[in-house]
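None of the values given here were measured: they were computed from a predicted structure. Count residues from 1 along the sequence.
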Amino acid sequence: MRLGLTLGYWGRGPSPDHVPLAQEAERLGYHSVWTAESWGSDAFTPLTWIAARTSRIKLGTAVAQMAARSPTTTAMHALTLDHLSGGRVLLGLGLSGPQVVEGWYGRPFPGSPLTATREYVDVVRQVLRREAPVELTGRFHSLPYDGPDGTGIGKPLKSITHPLRAELPVLLGAEGPKNIAQTARIADGWLPLYWSPLRAELYEEPLSGAPEGFVVAPMAQARVCADISEGLLPVKTMLGFYIGGMGHAARNFHADLMARMGYEEEARRIQELFLAGRREEAVLAVPDAFADEISLVGPRERIAERLELWRKGPVTDLLVLAPDPHTLRVLAELNS
């Protein structure tokens, strides 16, 4: 099981710790470093900044939001950074949810998310393989554009720039069983949002069609500390925000995922509290047991024991959100 460092997206502003953490991860032998985006900082610019200050570590987006860019634009970002970094890019994509897609990007959330994702990946693959001009008559993505308000003179085009790697890895963030199963068919890897090594059987069927070499790379917050309750608080804060605020009360993919993992009543309670403006209560309503099973928190000995559970399942890459170099070093030592 390889280790990766995930840095997430910025809050109020850029963190001065991100580049030093990425450099330390590279020194420790971590395989990859990952950035994200929500409705603020983008995923590609910080990754480019890190690329210029590292030399070997792989560079992943977890995830770049599909609604933020047309598929050809995303492919342009990926192939450009892949050249500049010497072939280190791992392109992680995600659809996001209706609140963000419609509220931030001003686009309709697709009525068939699986179809929209499949078309998007198709176009990205065409650009990167550069075998012919890009063409697709799709429900959500058509190249050339053939809508009623078009000029009708659009021309199929092939990238001027020759991609460094035709098979640049494409990974998808997926939560529902059907989406995970499609990911196993059309992508090179899967980026689970929450992964519990205690519930790996939930994903056996959706992943049954995955080819050899398929990457399963979940994110887990990690912290070496003496006080487990204190160490779990950042995990619960993240969960409170995602379960309570990252989606509508009637359509929240993160809350649905928590429910499928056996915490339906708790997920709905977190939503109710968060949407009522009682955010601190929402965080405290996150069960310690749930926060604990999807993270690596506690003394070194406890993390060593729990790391063995992650190794037993299908996880190929563990992407750790770690706040300090000490935790990165301990995980590298335990995983060696």
Side-chain angles (χ1 to χ4, degrees), residues 1 3-12 15 17-18 21 24-25 34 36 38 192-200 202 218-247 252 254-313 315 318-335:
M1 185 176 69
L3 293 178
L5 166 67
T6 182
L7 299 171
Y9 46 79
W10 297 353
R12 185 184 295 268
S15 170
D17 298 329
H18 282 182
L21 281 172
E24 178 68 1
W34 302 74
S38 189
L193 180 60
Y194 312 135
W195 177 275
S196 169
L198 305 176
R199 304 173 192 272
L202 290 173
M219 181 189 80
Q221 291 201 45
R223 186 178 180 185
V224 178
C225 59
D227 190 325
I228 297 172
S229 296
E230 180 184 344
L232 287 175
L233 189 56
V235 185
K236 295 175 66 169
T237 300
M238 178 272 291
L239 287 168
F241 177 61
Y242 272 72
I243 302 300
M246 292 283 273
N252 184 317
H254 308 311
D256 293 344
L257 175 57
M258 183 177 173
R260 284 196 298 273
M261 295 177 74
Y263 295 91
E264 182 172 6
E265 184 177 338
E266 293 88 341
R268 303 312 169 199
R269 180 58 177 162
I270 294 166
Q271 277 190 294
E272 291 172 5
L273 291 168
F274 195 96
L275 295 174
R278 298 157 63 183
R279 297 192 177 192
E280 290 185 10
E281 291 180 64
V283 169
L284 294 176
V286 176
D288 282 2
F290 180 57
D292 194 29
E293 68 181 86
I294 66 169
S295 63
L296 287 161
V297 171
R300 179 189 176 107
E301 297 75 17
R302 184 175 193 267
I303 290 178
E305 292 176 2
R306 298 176 72 83
L307 200 58
E308 289 302 316
L309 297 175
W310 291 77
R311 289 197 187 97
K312 290 179 180 178
V315 174
L318 175 59
L319 311 185
V320 296
L321 180 62
D324 60 276
H326 175 62
T327 296
L328 291 181
R329 286 194 293 272
V330 169
L331 286 170
E333 291 166 3
L334 294 175
N335 197 55

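Two residues are said to be in side-chain contact when any heavy atoms from C-beta on lie closer than 4.5 Å; Val286 and Ile243 fail this criterion. Taking 4.5 Å as the limit, every side-chain heavy atom of Ile270 sits out of range of all side-chain heavy atoms of Leu239. Within the 4.5 Å cutoff, the side chain of Glu230 has no heavy atoms near those of the Val297 side chain. Taking 4.5 Å as the limit, some side-chain heavy atom of Gln221 sits within range of a side-chain heavy atom of Pro234. Side-chain contact between Tyr242 and Met258 is absent, with no heavy atoms from C-beta onward closer than 4.5 Å. Put simply, the side chain of Glu265 does not reach to within 4.5 Å of the side chain of Pro287, judged on heavy atoms. The side-chain heavy atoms of Leu21 and Pro325, taken from C-beta on, include a pair separated by under 4.5 Å.
In this structure, Asp324 does not pair ionically with Arg223, as no charged nitrogen and carboxylate oxygen lie closer than 4.0 Å. The pair Glu266-Arg269 does not count as a salt bridge, with every side-chain nitrogen at least 4.0 angstrom from each carboxylate oxygen. Classification of Glu305 and Arg302 as a salt-bridged pair fails, no side-chain N sitting under 4.0 Å from a carboxylate O. Contact check on Arg329 versus Glu24 returns a salt bridge, with a Lys/Arg side-chain nitrogen under 4.0 Å from an Asp/Glu carboxylate oxygen.
Heavy atoms only, all atoms of each residue included: Gly298 and Ile228 are closest at CA-CG1, 4.1 Å. Residues Thr6 and Leu321 come closest through the heavy atom pair O-CD1, 3.1 Å. Contact detail for Pro192 and Trp195: the closest heavy-atom pair is CG-CE3, 4.0 Å. In this structure, Ala322 and Thr327 approach most closely via the heavy-atom pair CB-CG2, 3.9 Å. When all heavy atoms are compared, the tightest approach of Ala267 to Ala255 is CB-O, 3.8 Å. The nearest pair of heavy atoms linking Phe274 to Ala282 is N-CB, 3.8 Å.
Between the side chain of Arg306 and the backbone N or O of Asp292 there is at least one donor-acceptor pair closer than 3.5 Å.
In this structure, the separation between CG on Leu307 and CZ on Arg300 is 11.0 Å, given to the nearest 0.5 Å. Atoms CZ and CG, on Arg279 and Leu273 in that order, are 12.0 Å from each other to the nearest 0.5 Å. Interatomic distance, Ser196 OG to Leu309 CG, rounded to the nearest 0.5 Å: 9.0 Å. The distance from atom CZ of Arg260 to atom OH of Tyr194, rounded to the nearest 0.5 Å, is 11.0 Å.
For Leu233, the side chain to side chain contact (heavy atoms under 4.5 Å, CB included) partners two or more places apart in sequence, or in a different chain, are Thr237, Val283.
Between Tyr263 and Phe290, the ring planes are tilted. Angles from 30° to 60° get that label.
For the side-chain contact (heavy atoms from CB on, under 4.5 Å) test with Val224, the passing option among Ile303, Leu331, Leu334 is Ile303; the others fail.
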